[in-house]
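This one's a predicted model, so the numbers in the text were calculated from it and none came from an experiment. For the single chain, residues carry numbers from 1 onward in sequence order. Because only heavy atoms are used, hydrogens play no part in the values below, and waters and symmetry mates are left out as well, while side chains stay in.
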Amino acid sequence: MIYLFLADGFEEIEALATVDILRRAGCDVVTVGVGGKKITGAHRIEVTADIEEKEAVTDGLDMVVLPGGMPGTLNLEKSPIVKAVVRYCAENDRYLCAICAAPSILGHMNLLKEHTATCFPGYEQELRAKAVSTEPVCVSGKIITARGAGVAAEFALQIVEVLFGAEKSKMLRKSMQCM
C-alpha cells in the first residue's frame, strides 16, 4: 500500500499524475487528506481524498509519496501524522518519495544526511543531504526525489521502475506516449 498525502496548497500535477501512473501500474495508492477529505490544490482544484489523515495506519504500508507545492509542503510538514508515517517508513526500510519542495520535509527530519537528493531550485539547503543532484529525478537507497511539476510523470515512472522493474516502466511509458 502507498500513501500519497494531500494538504491544502498541494501541486496538482505532482500529486495526480503520480496517483494516476502508480494506479495504472497496479499499485494500491491511497490518497490521504491532511485536515479533512476535501483538499484544495495550489491552483484551486479541489480533490476528495480516499481517507483523512486520522485514518492512516502503517500496517501494510510500503511507501509514502509527498507532493510539493506551496503552501502544500508547509501544510504537510505541520502534520504530526504525516511526520509519524514518514518516520515509520524511514525506520522500517520503506520507500520515501517526495517532489518539488517536499524533499525539504525529509531534510528537516534529518532523513537525507546519508543520501543524494534533488528538489525544486532554491530548496537545496533545506535538504541537509549528503549530496544534492541536479538530475530531474534522483534515487538514493529507498528515497526517491524529483525537481517539480514538469517531471511528475518521470518521477512516477521511476517509482514504477523501482517497484516493478524497467520493463513495466517502459511499457507504461510507451502506452502513455512518454517517449
Checklist entry - Taking a hydrophobic cluster as the set of Ile, Leu, Val, Met, Phe, Trp and Tyr residues connected by side-chain heavy atoms closer than 4.5 Å, whether directly or through intermediates, do Leu172 and Val137 fall within one such cluster? => result yes
Item to check | Spacing of OG1 belonging to Thr73 relative to CZ belonging to Phe5, to within rounding of 0.5 Å | outcome: 14.0 Å
Item to check | Closest approach of Ala49 to Gly33 (non-hydrogen atoms, all atoms of both residues) | outcome: CB-N, 3.3 Å
Checklist entry - So how far is it from Lys78 NZ to Ile105 CD1, rounded to the nearest 0.5 Å? => result 11.5 Å
Scan the side chains in residues 80-90 for donor-acceptor partners under 3.5 Å anywhere in the protein, sequence neighbours excluded, and list what turns up.
| unit_1 | atom_1 | unit_2 | atom_2 | d |
| --- | --- | --- | --- | --- |
| Tyr88 | OH | Arg94 | NH2 | 3.3 |

Could you list the donor-acceptor pairs under 3.5 angstrom formed by side chains in residues 143-167, with sequence neighbours left out?
| unit_1 | atom_1 | unit_2 | atom_2 | d |
| --- | --- | --- | --- | --- |
| Thr145 | OG1 | Thr118 | N | 2.9 |
| Glu154 | OE1 | Arg173 | NH1 | 3.1 |
| Glu154 | OE2 | Arg173 | NH2 | 2.9 |

Next on the checklist: Working to the nearest 0.5 angstrom, can you tell me the gap between Lys130 NZ and His115 NE2?
Outcome noted: 9.0 Å
Checklist outcome for this item: Heavy-atom nearest pair, Gly107 first then Leu112, reads N-CD1, 3.7 Å
Next on the checklist: Side-chain heavy atoms nearer than 4.5 Å, only ILVMFWY residues, links allowed to pass through others: does that put Leu6 and Val32 together?
Outcome noted: no
Item to check | Heavy-atom donor-acceptor pair, Tyr3 side chain to Val57 backbone, under 3.5 Å | outcome: yes
Item to check | Non-hydrogen atoms of Asp8 and Lys38 that approach each other most closely | outcome: OD1-O, 4.4 Å
Checklist entry - For Phe120, what are the other residues in its hydrophobic cluster, where any two members join if their side-chain heavy atoms are less than 4.5 angstrom apart? => result Met70, Leu74, Tyr123
Item to check | Donor-acceptor pair, side chain of Asn75 and main chain of Ala7, under 3.5 angstrom | outcome: no
Checklist entry - Taking everything shown except Glu55 itself, do over 12 heavy atoms lie less than 6.0 Å from its CD? => result yes
Distance-only donor-acceptor hits, side chain of residues 15-30, under 3.5 Å, sequence neighbours excluded:
| unit_1 | atom_1 | unit_2 | atom_2 | d |
| --- | --- | --- | --- | --- |
| Thr18 | OG1 | Glu14 | O | 2.6 |
| Asp20 | OD1 | Arg24 | NE | 2.4 |
| Asp20 | OD1 | Arg24 | NH2 | 3.3 |
| Arg23 | NE | Val29 | O | 3.4 |
| Arg23 | NH2 | Val29 | O | 2.7 |
| Arg23 | NH2 | Asp50 | OD2 | 2.9 |

Checklist entry - Partners of His108 by side chain to side chain donor-acceptor pair (under 3.5 Å), sequence neighbours excluded? => result Glu77, Glu126
Checklist entry - Shared ILVMFWY cluster between Tyr95 and Met1, side chains joined below 4.5 angstrom? => result no
Next on the checklist: I'd like to know whether CD1 of Ile39 has more than 12 heavy-atom contacts from other residues, nucleotides or ligands below 6.0 angstrom.
Outcome noted: yes
Item to check | Thr116 side, atom OG1; Glu135 side, atom CD - distance, nearest 0.5 Å | outcome: 11.0 Å
Next on the checklist: For the CG atom of Leu96 and the NZ atom of Lys142, what is their distance to the nearest 0.5 Å?
Outcome noted: 10.0 Å
Checklist outcome for this item: One should read off an interatomic distance between Ile99 CD1 and Cys119 SG, to the nearest 0.5 angstrom, of 11.5 Å
Checklist entry - Considering residues at least two apart in sequence or located in another chain, which fulfil the side chain to side chain donor-acceptor pair (under 3.5 Å) criterion with Ser79? => result Glu53
Checklist entry - Under a single-linkage definition using a 4.5 Å side-chain heavy-atom cutoff for Ile, Leu, Val, Met, Phe, Trp and Tyr, are Leu4 and Leu76 assigned to the same hydrophobic cluster? => result no
Checklist entry - Can you name the nearest heavy-atom pair linking Cys100 to Gly68, along with the distance? => result CB-CA, 3.9 Å
Checklist entry - So, the side chain of Glu12 versus the backbone of His43: is there a donor-acceptor pair under 3.5 Å, distance only? => result yes
